[in-house]
S.K.: 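Shown below is the structure under consideration.
Keep in mind that what you see is a predicted model, and the values were worked out from it rather than measured.
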Amino acid sequence: MIRIGHNPNTNMLPMFHFLDKNHPLIEAVIAEPTGHNAMLAAGEIDMAPISAFSYGEHWKDYAILPNLSVSTKGRVGSIILFSKVPLNDLDGLTIALTDASATSVNLTKIILHHYYGVIPQYLTMSSNLQEMFLVADAALLIGDAAIQAALLQPDCYIYDLGEEWLKFTGCSMTYAVWAFPKLLLSERAQEIKIIHKLLIEAKVKALCNMEDVILTCQTMLGGTHGFWAGYFAQFNYGLDSSLECGLNKYLGLCFELSLLPSRPVLEFWPKE
């Protein structure tokens with residue numbers, strides 16, 4: 001059996017909605033991205049859609065499953081910096097960072113430090129916009145918490161970090177990749193191949209049946225059919241050469257800004 005990290009956020013539904021979680025090879029373990037990052041590093045799960053940044057931290061030990069990711073080129077809709085002031089004015093001010101993400105936290109730092117030239121103060125806390133705004137001048141939210149906060153149309157500046165990344169780099173942005181420890185290959189390579197096939201099949205089925213996915217999202221969070229159709233239209237759940245280029249750009253900047261100790265190399269398995 002392979003212990004698989006199951007991310008419950010709506011942006012991951014095309015990965016999980018049609019996956020047979022009762023398959024004899026699958027044990028699903030539900031957590032937010034940072035939870036899966038830590039669990040995979042600790043050996044508590046075997047495979048997960050982890051933060052791209054977490055892959056960068058462990059790239060020497062992990063392999064990536066091909067053709068699976070959570071990526072966009074431009075707007076993402078669920079990785080949002082809410083701010084009381086324009087981004088240019090955040091120098092020296094305080095930003096409350098969600099405790100549910102690693103990729104987005106470091107993407108925020110890249111955009112602000114490298115491209116806007118501002119150095120805020122940071123604190124990390126749970127994802128609640130009202131509580132964050134009590135102690136900070138801006139707040140980073142991801143996933144369903146970001147969607148719910150944005151739907152309430154708060155009276156503040158709202159910055160989509162996917163749009164900001166595209167504006168400065170011209171690249172796509174990959175937020176999560178499916179990874180597993182390379183040590184598993186010595187004993188469980190065949191099982192990993194089977195799980196990879198199941199994940200690809202589930203993804204393809206979801207992308208061909210998005211009405212089911214959208215109805216599930218409406219049940220979970222509300223919102224109109226048009227909102228969710230537009231939301232999912234911007235995502236790419238594959239990992240082609242163009243997305244790899246954007247991922248390498250992000251990880252390279254993380255290294256250059258000393259957010260990572262070494263420059264990651266992308267290693268995929270099984271080989272296609």
Side-chain angles (χ1 to χ4, degrees), residues 1-7 11-12 14-16 19-21 23-72 101-104 106-107 171-204 235-255 259-272:
M1 181 172 285
I2 301 289
R3 299 166 296 173
I4 293 180
H6 179 182
N7 183 328
N11 63 358
M12 293 298 295
M15 294 282 197
F16 290 108
L19 181 66
D20 180 7
K21 299 171 192 67
H23 190 283
L25 282 183
I26 293 176
E27 178 185 344
V29 182
I30 297 175
E32 292 289 339
T34 48
H36 288 144
N37 296 346
M39 293 165 79
L40 192 63
E44 296 170 0
I45 55 176
D46 303 308
M47 177 187 296
I50 61 168
S51 301
F53 183 82
S54 185
Y55 173 79
E57 292 179 302
H58 301 278
W59 68 271
K60 294 179 182 179
D61 301 315
Y62 290 173
I64 299 173
L65 291 175
N67 200 25
L68 293 168
S69 80
V70 180
S71 304
T72 67
S101 171
T103 296
S104 304
N106 289 286
L107 178 61
C171 293
S172 60
M173 179 64 204
T174 292
Y175 304 96
V177 296
W178 278 84
F180 65 92
K182 287 184 279 191
L183 285 174
L184 286 182
L185 290 174
S186 62
E187 297 180 356
R188 311 182 74 179
Q190 192 57 38
E191 292 176 51
I192 292 170
K193 283 185 178 180
I194 293 170
I195 297 296
H196 180 230
K197 183 172 182 289
L198 291 172
L199 290 168
I200 294 291
E201 290 172 348
K203 179 191 76 169
V204 171
F235 280 97
N236 189 321
Y237 291 96
L239 194 50
D240 60 18
S241 58
S242 174
L243 296 178
E244 285 183 40
C245 182
L247 178 56
N248 274 316
K249 176 72 172 179
Y250 168 76
L251 293 173
L253 280 171
C254 285
F255 168 66
L259 301 171
L260 289 172
S262 60
R263 186 181 295 274
V265 175
L266 304 182
E267 183 172 346
F268 295 91
W269 197 93
K271 307 294 183 183
E272 295 190 315

S.K.: Between side-chain atoms of residues 263-270 and protein atoms elsewhere (two or more places apart, or another chain), which donor-acceptor pairs fall under 3.5 Å?
M.R.:
| from | atom 1 | to | atom 2 | distance (Å) |
| --- | --- | --- | --- | --- |
| Arg263 | NH2 | Glu256 | OE2 | 3.3 |
| Glu267 | OE1 | Lys182 | NZ | 3.0 |

S.K.: Just how far is it from atom CD1 of Ile195 to atom CE of Met47, taken to the nearest 0.5 Å?
M.R.: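 Separation between the atoms: 6.0 Å.
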S.K.: Could you give the distance from CD (Glu201) to CG (Leu19), rounded to the nearest 0.5 Å?
M.R.: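 Atom-to-atom, Glu201:CD and Leu19:CG are 10.0 Å apart.
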S.K.: Which atoms form the tightest heavy-atom contact between Leu65 and Phe180, and what is the distance?
M.R.: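 Scanning both residues completely, I find the closest heavy atoms to be CD2-CE2, 3.8 Å.
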S.K.: With rounding to the nearest 0.5 Å, note down the distance linking CD1 in Ile2 to NE2 in His23.
M.R.: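 With rounding to 0.5 Å, CD1 (Ile2) is 11.0 Å from NE2 (His23).
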S.K.: So which heavy atom on Phe255 is nearest to which on Pro261, and how close?
M.R.: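 Result for this residue pair: CE1-O, 3.8 Å.
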S.K.: If we only count heavy atoms from C-beta on, is the Asp46 to Glu191 side-chain gap below 4.5 Å?
M.R.: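 Sidechains of Glu191 and Asp46: no contact.
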S.K.: Per the side-chain hydrogen bond (donor to acceptor under 3.5 Å, both in side chains) rule, what does the pair list look like for residues 55-64, sequence neighbours excluded?
M.R.: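 Residue pairs with at least one partner in residues 55-64: Trp59-Ser262.
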S.K.: Which of these passes side chain to side chain contact (heavy atoms under 4.5 Å, CB included) with Trp178: Ile50, Leu239, Ile64, Ile4?
M.R.: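 Of all the options given, the one that passes is Ile4.
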S.K.: Measure across Gly246 and Cys171 and return the closest heavy-atom pair with its distance rounded to 0.1 Å.
M.R.: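 Closest pair (atom of Gly246, atom of Cys171, distance): CA-CB, 4.0 Å.
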S.K.: Is any side-chain heavy atom of Pro49 closer than 4.5 Å to one of Met12?
M.R.: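 Yes, their side chains come closer than 4.5 Å.
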S.K.: Quick check for you: to the nearest 0.5 Å, what is the distance between Glu32 atom CD and Asn37 atom CG?
M.R.: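 Result: 11.0 Å between the selected atoms.
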S.K.: To the nearest 0.5 angstrom, please state how far the CD atom of Glu244 sits from the OG atom of Ser71.
M.R.: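 Between Glu244 CD and Ser71 OG, I get 10.0 Å after rounding to 0.5 Å.
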S.K.: Between the side chain of Thr174 and the main-chain N/O of Leu247, is any donor-acceptor distance below 3.5 Å?
M.R.: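 Not a single qualifying donor-acceptor pair exists.
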S.K.: Is the closest side-chain heavy-atom distance between Ile192 and Leu185 below 4.5 Å?
M.R.: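 Result yes, sub-4.5 Å side-chain heavy-atom pair found.
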S.K.: If I compare all heavy atoms of Ala48 with all of His36, which pair ends up nearest, and what's the gap?
M.R.: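 Reported closest heavy-atom pair: CB-CB, 3.9 Å.
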S.K.: Could you pull out all residues at least two apart from Gln190 that satisfy side chain to side chain contact (heavy atoms under 4.5 Å, CB included)?
M.R.: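 Scan of Gln190 (side chain to side chain contact (heavy atoms under 4.5 Å, CB included), adjacent residues dropped) gives Lys193, Ile194.
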S.K.: Cys254 versus Phe53: any side-chain heavy-atom pair under 4.5 Å?
M.R.: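 Side chain of Cys254 against side chain of Phe53, heavy atoms only: contact under 4.5 Å found.
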S.K.: Is a donor on one side and an acceptor on the other found under 3.5 Å between the side chain of Tyr250 and the backbone of Ala52?
M.R.: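 Side chain of Tyr250 to backbone of Ala52: no pair is present.
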S.K.: Apply side chain to side chain contact (heavy atoms under 4.5 Å, CB included) to Ala28 and list each qualifying residue two or more places apart in sequence or on a separate chain.
M.R.: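 Partners of Ala28 under the side chain to side chain contact (heavy atoms under 4.5 Å, CB included) test: His6.
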S.K.: Please report the closest heavy-atom contact between Thr103 and Ser51, naming both atoms and the distance.
M.R.: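 Distance-wise, the nearest heavy atoms are OG1-CB, 3.2 Å.
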S.K.: Taking side-chain hydrogen bond (donor to acceptor under 3.5 Å, both in side chains) as the definition, give me every residue that meets it alongside Asn106, ordered by chain and number, with sequence neighbours left out.
M.R.: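 Scan of Asn106 (side-chain hydrogen bond (donor to acceptor under 3.5 Å, both in side chains), adjacent residues dropped) gives none.
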S.K.: Evaluate Leu251 against Leu260 for side-chain contact (heavy atoms from CB on, under 4.5 Å), listing each step before the verdict.
M.R.: CA-CA 8 Å; Leu251 293 173; Leu260 289 172; 4.2 Å; yes
S.K.: Test your reading of the model: is there a side-chain donor-acceptor pair from Asn67 to the backbone of Ile200, 3.5 Å cut-off?
M.R.: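 No: the side chain of Asn67 does not pair with the backbone of Ile200.
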S.K.: Quick one: closest heavy-atom pair of Met15 and Ser69, and the distance?
M.R.: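 Minimum heavy-atom separation between Met15 and Ser69: CE-O, 3.0 Å.
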S.K.: Heavy-atom distance under 4.5 Å between the side chains of Asn7 and Val70, does that happen here?
M.R.: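 Side chain of Asn7 against side chain of Val70, heavy atoms only: no contact under 4.5 Å found.
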S.K.: Suppose we screen for side chain to side chain contact (heavy atoms under 4.5 Å, CB included). Which residues come up paired with Ser172, at least two apart in sequence or across chains?
M.R.: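 By the side chain to side chain contact (heavy atoms under 4.5 Å, CB included) rule, Ser172 matches Lys73, Leu243.
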